[in-house]
Amino acid sequence: MANEEIARIFYEIADLLDLEGVRFKPEAYRRAARTLEQFPSEVRSLKDPSAVRALPGIGEALSSKIEEYRSTGKVLYLERLREKWPPGLLEIMRLEGVGPKTTRRFHEELAIRDLADLKAALEAGKLDHLPGFKARKVELLRQALSHRPPGGASRSGGRLPLPEAQRIADELLASFRATKAPVDRVVYAGSLRRRREDVGDLDLLATTRGDPRAVMEAFCHLPPVREVRLSGETKTTVILDGGLQVDLRVVAPEAFGAAWVYFTGSKDHNIRLRTLAQQKGMKMNEYGLTRGEGRTDSPTEEAVYGALGLPFIPPELREDQGEFEAAAAGRLPRVVQPGDLKGELHIHVPASFGPEDLDPWVREARDLQLRFLGFVFRPEDLSASSTRLGEIRQRLPGRKGGVRILLALETSLSTGEKGLPDDPPDLWFVRPGGARKGGTTAPGPGASGRWPDVQVHPEEGPFPPGSPKDRLALELAVGPREVYLPPGARALAEGGALFLLSARPRLPEELRRLSLVAGVGARHWVCGDQVLNAREDPVGRRPA
DNA sequence: GCCGTTTTCGGCCCGACTGTTTTCAGTCG
């Protein structure tokens, strides 16, 4: 994917500029790289130079480098930087606790060019003579070198898919709350709260009126904690058994709002907020907003945004990718929230599904205050067991325990609407699987004149060009292991597309994942009124 | 290199923790 490649190039340039000791530019390159990574599906925009120029953090120089890469496949500026610095230095710089300054000293004072050189120098005791390098630092370096997995993957490598990160966070929070630690409140923040598709580490925030050290102590002794990286009065970093890093910050309750904003990020969003505070003659940090000597308490996030003259910005939008501009213009979208979702429509069940199988689903749905459930069948499964949709319809109630029971048929583009005319389902899904190359099988109305309702399983591949997306809802799902996004989700959402938000549950308790799906939808600027399963009646004819 | 309800030039977020230091530099988020 072209923009991810360009992002990697910008990151490398940033690292090399750090090595050179250049100020400000590295952050400019990284910010641009983050922008490019943010919405990797929107490759289209890169083909239009003026659109690229309009992206946050990308100006004249960087847009022309993107153009250069597009036309020549390389960036001369990077090539020149690479000539000046041995490639192995970047590996050294990625070691835990080793930054550009230290790397450069290794290179200039000890002629170290790569990790092998560094190891040899360490063995030979050459580092012991380096000023500022005593036994402890040498030991930390030794550990950093051995922490590296043999394969060479750096610590930045392992990011967890969102649903897995959420599971780990839930368990960790539960066991933390179960301790005797004197905490008022514990929440998660960071990219998990922003509902990024993948999460690199967990960020937790706790408030206490008691001794923060006691809180840290309890946290460090939680069962899954393998190692304590650092621990101070307000901040502790640990590594869990699976290798996941977790940061805990502890603040007083009066600072909770400011701290949650700060710790939720993103970095770029925070920088923007703090700059805004500066412009208003204030200073903002994780403890609150100050003006001169006066301190404003910030018990809630709303208070923080309010003091800056902003409406509350939902965490999913905090990327400095247009949310400030939208807020200033009074056009911050009312993005979908968990409570908006009134049902789940994408539940695959076997053709033998019967009334007794329904009960646990209905119980869970009632718990979650859902109004409808949609069970999905595939024509090939039905024909394999010689079952007609009409039979299933007859043996299942149309409503149970106040929950409406809907039936959906899922065909692939190649099977078309087989099975539709006789037994019209409540909803008709199409998935791209089996789409013929050449795009002749774009979904359209079947013989009955009926159009499919939803385009599902975006992970199976793109729909042929010319797909009438405007007539179809697009599925955006969070499965047990992964997030499934239609390409260009945000652009589609801003263009007014309709979405189906699904947890793709295979067990009733997985319906709880709907709140996560809502968050991912929000992150892509999907509004409540654009969501099929946020409607009272997801079957009724859509407004034109 | 980017960017502008103080600016098209001159700024660029802010603090915690650690190790090696008598006041701070480097790294990290």
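Labels below follow one simple rule: chain letters A, B, ... track the order of the sequence lines, proteins then strands, and each chain is numbered from 1.
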Exercise. Write down the distance between CZ (Phe324(A)) and C1' (dC2(B)), rounded to a whole number of angstrom.
Key: 16 Å
Quiz prompt | Nearest-angstrom distance from the residue atom CD of Glu27(A) to P of dG29(B) | solution = 13 Å
Exercise. Could you measure between the two C1' atoms, the one in dC12(B) and the one in dC17(B), and give it in whole Å?
Key: 24 Å
Practice problem: Check whether more than 12 heavy atoms from other residues, nucleotides or ligands sit under 6.0 Å from atom CZ of Arg177(A), and answer yes or no. | Solution: yes
Quiz prompt | Any donor-acceptor pair under 3.5 Å from Arg272(A) side chain to Asp320(A) backbone | solution = no
Quiz prompt | Check ion pair Arg8(A)-Glu5(A) (N to O, under 4.0 angstrom) | solution = no
Quiz item: Does His524(A) use its side chain to pair, donor to acceptor, with the backbone of Ala489(A) at less than 3.5 Å?
Solution: no
Exercise. Using the P atom on both, measure dC28(B) against dT20(B) and round to a whole Å.
Key: 16 Å
Quiz item: In terms of the nearest nucleotide of DNA chain B, which residue is placed more toward the 5' end: Glu325(A) or Ala135(A)?
Solution: Glu325(A)
Quiz prompt | Protein-nucleotide distance (Ile58(A), atom CD1; dC2(B), atom C1'), rounded to Å | solution = 11 Å
Quiz item: Regarding Arg185(A) and the six-membered ring of Trp260(A), is the cationic atom NZ or CZ under 6.0 Å from the ring centre and inside 45° of its axis?
Solution: yes
Quiz item: Ring centroid separation for Phe263(A) and Phe256(A), is it under 6.0 angstrom?
Solution: no
Practice problem: Could you work out the separation of dT5(B) and dG1(B) based on their C1' atoms and round it to a whole Å? | Solution: 24 Å
Self-check item: Selection from dT27(B), dT20(B), dC2(B) that lies nearest to any side-chain heavy atom of Leu62(A)
Solution: dC2(B)
Quiz item: Can you find a side-chain donor-acceptor pair between Glu197(A) and Tyr484(A) that sits under 3.5 Å?
Solution: no
Quiz item: To the side chain of Lys137(A), which of dG29(B), dG1(B), dG19(B) is closest?
Solution: dG19(B)
Quiz item: Is it the case that Arg30(A) places NZ or CZ above or below the six-membered ring of Phe10(A), under 6.0 angstrom from the centre and within 45 degrees of the axis?
Solution: no
Practice problem: Return yes if a side-chain donor-acceptor contact under 3.5 Å exists between Trp525(A) and Glu316(A), otherwise no. | Solution: no
Practice problem: Quick one: label Glu139(A) by what it contacts on the DNA or RNA (base, sugar-phosphate, nothing), any heavy atom closer than 4.0 Å. | Solution: nothing
Exercise. Using heavy atoms and a sub-4.0 Å distance, could you list which residues of residues 9-17 of chain A are near DNA chain B? By number, please.
Key: none
Exercise. Starting from C1' on dT27(B), measure out to CZ on Arg136(A) and report it in whole angstrom.
Key: 15 Å
Quiz item: Where each residue is assigned the nucleotide of DNA chain B containing its nearest heavy atom, which of Gly59(A) and Leu230(A) is assigned the position nearer the 5′ end?
Solution: Gly59(A)
Self-check item: Pairwise C1' distance, dC13(B) and dC2(B) [rounded to whole Å]
Solution: 15 Å
Practice problem: Walk me through it: do Glu227(A) and Val238(A) pass the test side-chain contact (heavy atoms from CB on, under 4.5 Å)? | Solution: CA-CA 6 Å; Glu227(A) 176 194 340; Val238(A) 302; over 6 Å; no
Self-check item: Interatomic distance where CZ belongs to Arg34(A) and C1' belongs to dG29(B) [whole Å]
Solution: 11 Å
Quiz item: What integer number of Å spans the C1' atoms of dG19(B) and dC9(B)?
Solution: 40 Å
Practice problem: Give a yes/no on whether any side-chain N or O of Thr237(A) is located under 4.0 angstrom from OP1 or OP2 of dG29(B). | Solution: no
Practice problem: If a protein heavy atom is under 4.0 Å from the base, mark B; if only from the sugar-phosphate, S; if neither, -; do that for nucleotides 6-15 of chain B going 5' to 3'. | Solution: B-----BBBS
Exercise. Write down the distance separating the P atoms in dG10(B) and dG15(B), rounded off to the nearest Å.
Key: 26 Å
Practice problem: Return the nucleotide paired to dC12(B): Watson-Crick means purine N1 to pyrimidine N3 with N6-O4 or O6-N4, wobble means G-U with N1-O2 and O6-N3, both under 3.5 Å. | Solution: dG1(B)
Quiz item: Met216(A) CE to dA16(B) P: how many Å, rounded?
Solution: 11 Å
Quiz item: Could you give the CG-to-C1' distance, from Asp247(A) to dC17(B), as a whole number of Å?
Solution: 12 Å
Under 3.5 Å, which protein N or O atoms sit close to an N or O of nucleotides 21-25 of chain B? Give each pair with its distance.
unit_1	atom_1	unit_2	atom_2	d
dT21(B)	OP2	Lys134(A)	NZ	3.0

Practice problem: Flag the pair Phe176(A) / Phe219(A) as yes when their ring centroid distance falls below 6.0 Å, and as no otherwise. | Solution: yes
Self-check item: Distance in angstrom units between Arg213(A) CZ and dA16(B) C1', rounded
Solution: 12 Å
Quiz prompt | Rounded P spacing from dA16(B) to dG11(B) in Å | solution = 26 Å
Quiz item: Which part of the nucleic acid, if any, lies within reach of Pro100(A) when heavy atoms closer than 4.0 Å are counted: base, sugar-phosphate only, or nothing?
Solution: sugar-phosphate
Quiz item: Would you say the side-chain atoms of Tyr287(A) and Glu254(A) include a donor-acceptor pair closer than 3.5 Å?
Solution: no
Quiz item: Heavy-atom count around Arg113(A) CZ within 6.0 Å, excluding the residue itself: above 12?
Solution: no
Quiz prompt | Given dC17(B), dG19(B), dC2(B), the nucleotide with the shortest approach to the side chain of Ala28(A) | solution = dC2(B)
